[in-house]
Amino acid sequence: MAKQYDFKTIEKKWQDLWYSTKAFEPVEDKSKKKYYSLIEFPYPSGSGLHVGHIRAFSSMEVISRKKRLEGYNVLFPIGYDAFGLPTENYAMQTKRHPREVTDENIKKFEQQLKAVGYSFAWDRTVDTTDPKFFKWTQWIFVEMFKRGLAYKSRTLINFCPQCKVVLANEESQNGVCDRCDSQVIQKEKDVWFLRIRNYAERLLQGLSSVDYSERIRTEQQNWIGKSQGAEIVFNIAEEADLKKNYPLTVFTTRPDTIYGVTFLVVSPEHPMLDFFAKGIKNQKEVKAYQDTAKTKKEIDRIHLSKDKTGIKLSGLVAKNPISGTEIPVFIADYVMMGYGSGAIMAVPGHDQRDWDFAKAFNLPIIEVIAGGDIEKEAFACKDSNATLVNSPLINGLNVNDAVNKMISVLEERGLGKAKTDYKMKDWAFNRQRYWGEPIPIVNCAKCGQVPLPLSELPLELPVLKDFSPTSDASSPLSKCTDWLKATCPKCGGKATRETDTMPQWAGSSWYFLRYMSPEDSNYAVNPKAYDYWANVDWYNGGMEHVTRHLIYSRFWNMFLYDIGAVDDSEPYKRRTYQGLILGADGEKMAKSRGNTVNPDDVIKAYGADTLRVFILFIGDYEKPAPWSPEGIKGSERFIKRVWNLQDMICDNCDTSDLNLDALIKKVSEDYESVKFNTAIAHLMTAVNTVYGRGKITTKELNTILILLNPIAPHITSEIYESVNKKDILNAKYPSWDESKVLSDTIELPVQVLGKLKGKVVVPLNADEKLVLEEIFKQDILKGATIKKAVYVKNRIINLIV
RNA sequence: GCGGUCGUGGCGGAAUGGCAGACGCGCCAGACUUAGAAUCUGGUAUCUUCGAUGUGGGGGUUCAAGUCCCUUCGACCGCACCA
């Protein structure tokens, strides 16, 4: 009789053994197949791990342990994305250094993660705030700079006048400061950008060569936002002096509607306004409008109102390049400088925004596509079969043909060309904060912006007593006058350092490469190590990172590919995601709601194995699921039942009620397709079956233990050891015989006119004749005659009578 | 507005177009207990039985629809005056 199930002792025993013997530290070995499974490394916050992390990490944990049992050499690394605002803010409040706080948090995370029994490669732990790591983050930035992919540009940043602090976008939702709720204002500043737009097409094309969940793929596509259309040049001139003219380029996806253009609109920030500074008669009005637009920006533009505002530029006149009609020019804030060319040709008949504007300003509306009622609303016809009207060159053509014809006309006459644009903006690569990687550039009076050579990297953060943000929206690093002074690497003259730091997304854009050779001091990623480990076979993470981190890291990897640092342009072969764990009340877990669940408490009460089973059993892995304090009891009972199996061993018992081949197949396929809840359900059914008979063979027991081991490693290790006197880590993952998955006899459902009327027992693969004989024997038809029978072998038979 | 996901018992959720509700929670009954906890066994969609009805509503395709198509209502997520 085995002892009482004592999870505390058992879990401690195995964790101590695993971590002291370095059981999960992989070594490059060309004779073994490798497998690289990756989780999104956590941000080591002061509040520690929460159950959401457990769900996020457990999928790859299961896959990693399974792959090891299958004989793979598995790299399943862990690290910390440790630069960031919460740590910095907490450090400021408590008057400590972020370094100290970070180290403390990391320690806590490590201890918590080990208490769950995760099989991470601890020796390879990376920390983005470690100079040995960010040396290479800085190096990548420098390489990008050298190739013109990093540039400085004047832009608007979010600034809270109350806190006197520059805010990240995520801190200023809806134009309100996260901390003090006051209105955020926009300040102009020169900051760094990365030219991710240069990679837009490749980021889009690359999606077809990787295995990402459909939802991830479409979200990335939308984020990149490719749209095809044309650039058309409209000539604008001063009424008073027609020779003073400006070729205004507009971007449109609908060049076919050009005859419907009744006015032009440019963004309030458009450079043509400076060009015509003198020619615009109502300059004062225009200036005032520009000023309001600036303050309005984030706040009002978010709530897109139907009330269009704008100003007609008097003194200017434009011409439709195709029809020759004269049309007025407006500025309006519904046109964004950041997309297309910052100017549009307005077609009020067929674009609702233009229609609204035309109505507000009493402008003509021309129908050029038949079929709508443009008196009531714009007819935004997307049906490519609709017909063009009132358009001399393209009358009668359908939309598709009209688009093509118009583009060729424009190209012939040199008035425009086909053009593809992307919604994705360049990546604002800057923070005016202390706790981030310093940007490794110096400004030299003679040479301009000069990057630091590798020999001067890492450029470490100065030790600052006061690293609070400055009130003038510049980085706290600018207060450190000693640190600012530098010598220009090019000419040896005096220079000053850049003071902005990198955003939080920097380190996470390439950390997965560093795991391959975390200690290497000559390479960001050692080519030999890369050769063996690349690429990431399976990456799991949150949906919230799909449009930022996942795009950014693909971009960095593509860049590293371009400079020959890595051999593949796509870093992740497969990507899946997990749903959120909600509070028991069905709301998002938040300290302020008091509905958070700490994994430590769960482990104390139920043990790590029960927690691991429950977090994967709780529901569809991809969907959000509320934590259930009652539900975990089911997982606890299951684990206890597994424990009791070791007292039921009997090697000569009847096992016909449990098909091991079917069990292995179902569980294994479910693991591989992220269906952990049903995998556990199959194992529960199997355990219930043997429990019912009170007997289990050693083979059955070992199979169940190995299948369950990736999910509940401690208890399965313990039982396996006591039964087999061996460590389950050296066991072989079972395979199944496809021919034995279906049993010899089938209980076949019999339908009459699509309704279930009975069942017959027939041998596997029985033919229709045999099935019908069996049906007559049982008199399921009650004398009716069969007109037609639809028989699906081993599935069902449906009789039409 | 655009794009996406999804509506199934009291609850979490299962169902390659082929027996709807696997598995679990909860609940009910019984067993073991002085009693409770734990454990074990059985039951648990709806309707008054017979056998009929059931996967948000309406229509369609099919021998067969939770699953496919159209339409409608609702929820959630992402993006958003994106030209």
Side-chain angles (χ1 to χ4, degrees), chain A residues 213-223 225-227 229-230 250-254 257 265 267 300-309 332-336 338-347 350-354 356-357 380 382 421-425 543-544 546-547 579-580 586 613-614 617-620 622-638 640-641 644 675 677-688 691-692 694 747-759 787-801:
Chain A
S213 302
E214 198 49 40
R215 205 176 144 204
I216 295 175
R217 197 191 305 273
T218 44
E219 254 182 48
Q220 290 213 345
Q221 277 165 356
N222 288 344
W223 181 263
K226 181 176 184 169
S227 62
V250 303
F251 176 69
T252 178
T253 52
R254 299 293 301 275
T257 61
V265 188
S267 143
D300 289 343
R301 284 192 175 184
I302 284 165
H303 315 287
L304 49 121
S305 65
K306 287 246 165 180
D307 306 326
K308 295 277 181 292
T309 63
D333 61 7
Y334 82 92
V335 174
M336 307 287 125
Y339 182 71
S341 59
I344 61 160
M345 57 176 224
V347 185
H350 305 282
D351 181 292
Q352 192 57 41
R353 293 154 304 173
D354 297 346
D356 293 337
F357 193 86
K382 280 179 199 151
D421 209 342
Y422 304 89
K423 285 178 197 163
M424 184 171 65
K425 298 188 173 81
M543 256 339 265
E544 70 275 18
V546 160
T547 46
L580 282 179
V613 168
F614 184 57
F617 183 64
I618 200 164
D620 184 336
E622 295 179 339
K623 287 192 190 130
W627 178 260
S628 164
E630 287 299 314
I632 194 168
K633 286 184 187 155
S635 302
E636 187 193 23
R637 284 178 198 138
F638 169 64
K640 282 186 182 162
R641 285 180 153 227
N644 293 337
K675 289 159 85 176
N677 55 338
T678 48
I680 293 168
H682 296 316
L683 286 165
M684 284 175 167
T685 310
V687 169
N688 289 347
Y691 225 74
E747 199 185 28
L748 192 82
V750 180
Q751 289 184 339
V752 176
L753 294 167
K755 298 234 159 88
L756 185 70
K757 290 291 174 187
K759 287 178 185 180
K787 270 193 194 158
K788 190 183 163 193
V790 181
Y791 174 50
V792 183
K793 215 178 243 180
N794 303 330
R795 274 276 171 197
I796 203 163
I797 184 162
N798 191 11
L799 303 171
I800 317 305
V801 296

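Naming: A, B, ... by sequence-line order, numbering from 1 per chain. Note that the coordinates shown come from a computational prediction; the quantities given were computed from them, not determined experimentally. Side chains included, hydrogens not; waters and symmetry mates left out as well; all remaining heavy atoms used.
In this structure, CD on A:Glu622 lies 10.0 Å from NZ on A:Lys675, to the nearest 0.5 angstrom. The OH atom of A:Tyr691 sits 11.5 Å away from atom CZ of A:Phe638, with the distance rounded to the nearest 0.5 Å. Atoms OG and CE, from A:Ser635 and A:Met684 in turn, are 5.0 Å apart once rounded to the nearest 0.5 Å.
Note that A:Arg353 lies outside the cation-pi zone of A:Tyr334, set by a 6.0 Å cut-off to the ring centre and a 45° limit from the axis.
Put simply, the side chain of A:Lys308 and the base of B:C81 share a donor and an acceptor less than 3.5 Å apart.
Glycosidic conformation of B:G9 is syn; the angle stays within 90° of 0.
By the ring pair (Phe, Tyr, Trp, His ring centres under 6.0 Å) test, A:Phe617 is found to be paired with no residue, residues two or more places apart in sequence or in another chain being considered. In this structure A:Lys757 satisfies the side-chain contact (heavy atoms from CB on, under 4.5 Å) test together with A:Val752, A:Lys755, A:Ile780, sequence neighbours excluded.
Pairing for B:C50 is absent, with no Watson-Crick or G-U wobble pair whose two atom distances lie under 3.5 Å. With a 3.5 Å ceiling on both atom-pair distances, B:A38 lacks any Watson-Crick or G-U wobble partner. With a cut-off of 3.5 Å on both pairing distances, B:A20 has no Watson-Crick or G-U wobble partner at all. B:A64 makes up no base pair with any nucleotide shown, lacking Watson-Crick or G-U wobble contacts both under 3.5 Å. With both pairing distances under 3.5 Å, B:G3 is matched to B:C77 as a Watson-Crick or G-U wobble pair. Using N1 to N3 plus N6-O4 or O6-N4 for Watson-Crick, or N1-O2 and O6-N3 for G-U wobble, each under 3.5 Å, B:G26 pairs with B:U44. Across all strands shown, B:A14 remains unpaired; no Watson-Crick or G-U wobble contact has both distances below 3.5 Å. Pairing for B:A83 is absent, judged as Watson-Crick or G-U wobble with the two contacts each under 3.5 Å.
The separation between A:Arg254 atom CZ and B:A83 atom C1' is 11 Å, rounded to whole Å. Atom CD1 of A:Ile344 and atom C1' of B:C81 are 9 Å apart (whole Å). Counting to the nearest Å, the P atom of B:C6 and the CE atom of A:Met543 are 12 Å from each other. Rounded to a whole Å, the CG atom of A:Leu580 is 13 Å from the C1' atom of B:G78. Rounded to whole Å, atom C1' of B:G24 lies 11 Å from atom CZ of A:Phe638. The distance between atom OH of A:Tyr339 and atom P of B:C81, rounded to the nearest whole Å, is 12 Å. The interatomic distance linking A:Trp223 (CH2) with B:C77 (P) rounds to 17 Å, in whole Å.
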With 3.5 Å as the limit, what N/O pairs link the protein to nucleotides 66-69 of chain B?
none

Using a cutoff of under 3.5 Å, can you pull out all pairs of nitrogen or oxygen atoms linking the protein to nucleotides 36-42 of chain B, with atom names and distances?
{"residue": "B:C40", "atom": "OP1", "partner": "A:Arg641", "partner atom": "NE", "Å": "2.9"}
{"residue": "B:C40", "atom": "OP1", "partner": "A:Arg641", "partner atom": "NH2", "Å": "3.2"}
{"residue": "B:U41", "atom": "OP2", "partner": "A:Arg641", "partner atom": "NH2", "Å": "3.2"}

Sort me out a list of protein N/O and nucleotides 59-63 of chain B N/O pairs below 3.5 Å, or just none if empty.
{"residue": "B:C63", "atom": "O2'", "partner": "A:Asn798", "partner atom": "ND2", "Å": "3.0"}
{"residue": "B:C63", "atom": "O2", "partner": "A:Asn798", "partner atom": "ND2", "Å": "2.8"}

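A sub-4.0 Å separation between OP1 or OP2 of B:A83 and a side-chain N or O of A:Ser227 is present. The shortest distance between the side-chain N/O atoms of A:Arg215 and the OP1/OP2 oxygens of B:C6 is not below 4.0 Å. In this structure, A:Lys755 does not reach the B:G18 phosphate: none of its side-chain N or O atoms is under 4.0 Å from OP1 or OP2.
As judged by a 4.0 angstrom heavy-atom cut-off over every strand, A:Ser628 is placed among residues making no nucleic acid contact. Across all strands, A:Lys757 comes closer than 4.0 Å only to sugar-phosphate atoms, never to a base (heavy-atom distances).
The gap from the P atom of B:G43 to that of B:A37 amounts to 22 Å, rounded to the nearest Å. Across B:G54 and B:U46, the matching C1' atoms stand 7 Å from one another, rounded to whole Å. B:C69 sits 35 Å from B:G24 when the C1' atoms are compared, rounded to a whole Å.
Map A:Gly340 and A:Ile796 each onto its nearest nucleotide of RNA chain B; the residue landing nearer the 5' end is A:Ile796.
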Exercise. Under the side-chain contact (heavy atoms from CB on, under 4.5 Å) criterion, do A:Asp354 and A:Ile344 qualify, and how do the steps go?
Worked result: CA-CA 10 Å; A:Asp354 297 346; A:Ile344 61 160; 3.5 Å; yes
For this session: Test A:Arg641 against A:Asn688 for side-chain contact (heavy atoms from CB on, under 4.5 Å), laying out the working first.
Result: CA-CA 8 Å; A:Arg641 285 180 153 227; A:Asn688 289 347; 2.7 Å; yes
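In plain terms, the two heavy atoms of A:Ala332 and A:Phe357 that are nearest each other are CB-CE1, 3.8 Å.
Taking the side chain of A:Thr218 as heavy atoms from C-beta on, and the options B:G4, B:C23, B:C19, the nearest nucleotide is B:G4. Nearest nucleotide to the A:Ala681 side chain, out of B:C19, B:C82, B:C23: B:C23. Listed nucleotides: B:A83, B:G26, B:G4. Nearest to the side chain of A:Glu630: B:G26.
A salt bridge links A:Glu214 with A:Arg217: the closest approach of a Lys/Arg side-chain nitrogen to an acidic carboxylate oxygen falls below 4.0 angstrom.
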Seminar exercise, completed: Per-nt protein contacts along nucleotides 7-14 of chain B (heavy atom under 4.0 Å; B base, S backbone sugar-phosphate only, - none) come out as -----BSS
